[in-house]
Number of protein chains: 2
Amino acid sequence: MAEVTTSLSIGQVAERTGLSVHALRYYEHEGLLVNPVRRGPGGRRVYSQDDVDWLTVCIILRASGMPLPALRRYANLVRQGAGNEEERLTLMREHQAHVTTQIGKLAECLDLIRFKVGVYEDLLDPDSAGDHQCHAPIPSAPAQPTEIRIGYARVSGS
Amino acid sequence: MAEVTTSLSIGQVAERTGLSVHALRYYEHEGLLVNPVRRGPGGRRVYSQDDVDWLTVCIILRASGMPLPALRRYANLVRQGAGNEEERLTLMREHQAHVTTQIGKLAECLDLIRFKVGVYEDLLDPDSAGDHQCHAPIPSAPAQPTEIRIGYARVSGS
DNA sequence: GCTTGACCTAGAGCCGACTCTAGATCCTAG
DNA sequence: CTAGGATCTAGAGTCGGCTCTAGGTCAAGC
């Protein structure tokens, strides 16, 4: 039963999160951490396991396309402590919706990509040609104004 | 049987693709189009249906995360005409793989997000609390160096 | 004849998310 | 004592992908 509190240097945290030390400092500076990292002698950052856990959450949210401002809002809510669970829920649900539709869009795109792959495969090996179908067809551009956005929200209309 | 060749102004193409006129000129300038757009009187761009179709493909590839350089390579291959189908196939397969793993990653992230949503839901309505499981758990940071990249390739090691 | 609006080119500016640099501090090993 | 390596801060630079501006041309309508 040793090791009551893990204490990691920024370098160690960088190693095990995959974030660069620069990014770690940047994240802290941007207020993405629930609490500003503890400092050891000489003003050096000392990370706890909690910090690493939180960073892991951050990384996953980032990887799913959550922009830093949203991450900051979330961190703020968590920092304020219990009582704002509704807001957190809203934020997470919004992100969930975002990720879900993003997956849907990617799946649609994949449909075209598979179609193209099939076409080229057939061209290169015409014997075993199957007939391919692309359900999100190229012909005739989308009637809906296309609204294909990789990011979060439409920022400004053109 | 009128209308043998569609001729659209850049504004019309912008409308029906959702790209801005700026983006359209930019794409052309960047060599993303199979052939440089025809010009009408006064040097104005005149788009054909083929151009629009190609742009639609571009939009889908972009929406699935293909970077402009890859799109340019693809356009170059198509421009060169028949004979390089292998290369096109390779390019498309690579992109397919990329999109597939991206969908996988997003699904993993979604797992955590759903978990969080569940936790907050329970907190706000403890009666109907279920037990939640997050299969890509927060506890204990990933042993693998995390390599969560939203974009295409690792550009430069830190 | 003049205004309006869509278009043209070349190039500057912007945004998000880092990444890198400079110059200083500190700890450890030789 | 000193050299090396990890850390610190503040701020500049980078990159991708557009977006915007300036300054100019052209056709149509009043």
Side-chain angles (χ1 to χ4, degrees), chain A residues 7-33 36-47 55 58-59 61-73 75 98 146-158, chain B residues 7-33 36-47 55 58-59 61-73 75 98 146-158:
Chain A
S7 309
L8 300 167
S9 73
I10 194 170
Q12 292 173 310
V13 173
E15 261 178 45
R16 57 196 76 181
T17 59
L19 293 169
S20 70
V21 293
H22 301 294
L24 285 169
R25 289 194 277 252
Y26 175 67
Y27 276 23
E28 185 180 357
H29 183 77
E30 293 297 289
L32 304 182
L33 301 190
V37 180
R38 212 166 13 115
R39 297 307 180 106
R44 299 188 168 197
R45 290 171 179 82
V46 178
Y47 291 81
L55 281 167
C58 288
I59 288 167
L61 293 177
R62 286 285 307 122
S64 52
M66 182 182 283
L68 296 194
L71 201 40
R72 175 157 42 228
R73 279 197 297 280
H98 174 68
T146 304
E147 180 57 55
I148 295 188
R149 273 265 115 207
I150 298 184
Y152 234 46
R154 185 125 228 138
V155 180
S156 66
S158 85
Chain B
S7 311
L8 300 168
S9 73
I10 194 170
Q12 292 173 310
V13 173
E15 260 177 46
R16 56 196 76 181
T17 58
L19 293 169
S20 71
V21 293
H22 301 294
L24 284 169
R25 289 193 276 250
Y26 175 68
Y27 276 22
E28 185 180 357
H29 182 76
E30 293 297 290
L32 304 182
L33 302 190
V37 180
R38 213 168 9 118
R39 298 308 179 106
R44 300 188 169 198
R45 289 171 179 83
V46 178
Y47 291 82
L55 281 168
C58 289
I59 289 167
L61 293 177
R62 287 285 306 122
S64 51
M66 183 181 281
L68 295 195
L71 201 39
R72 175 160 39 229
R73 278 197 298 279
H98 174 68
T146 305
E147 182 56 56
I148 294 187
R149 272 265 113 205
I150 298 185
Y152 237 45
R154 183 127 229 138
V155 179
S156 67
S158 83

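Side chains included, hydrogens not; waters and symmetry mates left out as well; all remaining heavy atoms used. Lettering follows sequence order; numbering is per chain, from 1.
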State which of [options] makes the closest approach to the side chain of [X].
X     : options               : answer
B:S20 : D:dC8, D:dT19, D:dC26 : D:dT19
B:P67 : C:dC7, D:dT7, D:dG17  : D:dG17
B:L68 : C:dC18, D:dT9, D:dC18 : D:dC18

Distance, rounded to the nearest Å, where [X] contributes [atom1] and [N] contributes [atom2]:
X     : N      : atom1 : atom2 : answer
B:I59 : D:dC18 : CD1   : C1'   : 14 Å
A:I10 : C:dT19 : CD1   : P     : 13 Å
A:L61 : C:dG16 : CG    : P     : 18 Å
B:E28 : D:dG17 : CD    : P     : 18 Å
B:R44 : D:dA27 : CZ    : P     : 7 Å
A:R25 : D:dA6  : CZ    : P     : 12 Å

Next on the checklist: Quick check on D:dT9: is either OP1 or OP2 less than 4.0 Å from any side-chain nitrogen or oxygen of A:R39?
Outcome noted: yes
Checklist entry - Between B:Y27 and D:dC18, is there a side-chain N or O to OP1/OP2 distance below 4.0 Å? => result yes
Checklist entry - Touch check for B:R45, heavy atoms < 4.0 angstrom, all strands: base, sugar-phosphate only, or nothing? => result sugar-phosphate
Item to check | The single option from A:V46, A:L24, A:V37 passing side-chain contact (heavy atoms from CB on, under 4.5 Å) against A:I10 | outcome: A:L24
Checklist entry - Would you say the side chain of B:R45 lies within less than 4.5 Å of the side chain of B:V13, judging by non-hydrogen atoms? => result no
Item to check | Whichever of A:L19 and B:H22 has its nearest DNA chain C nucleotide further upstream toward 5' | outcome: B:H22
Checklist outcome for this item: DNA chain C nearest-nucleotide lookup for B:H29 and A:Y26: closer to the 5′ end is B:H29
Checklist entry - Hey, does the side-chain of A:R62 have a donor or acceptor N/O within less than 3.5 Å of a partner on the base of C:dA17? => result no
Next on the checklist: I need the B:M66 CE to B:C58 SG distance, nearest 0.5 Å.
Outcome noted: 9.5 Å
Item to check | Ion pair A:E30/A:R62, N-O distance below 4.0 Å | outcome: no
Next on the checklist: So does A:S9 get a backbone contact from the side chain of A:Q12, meaning a donor-acceptor N/O pair under 3.5 Å?
Outcome noted: yes
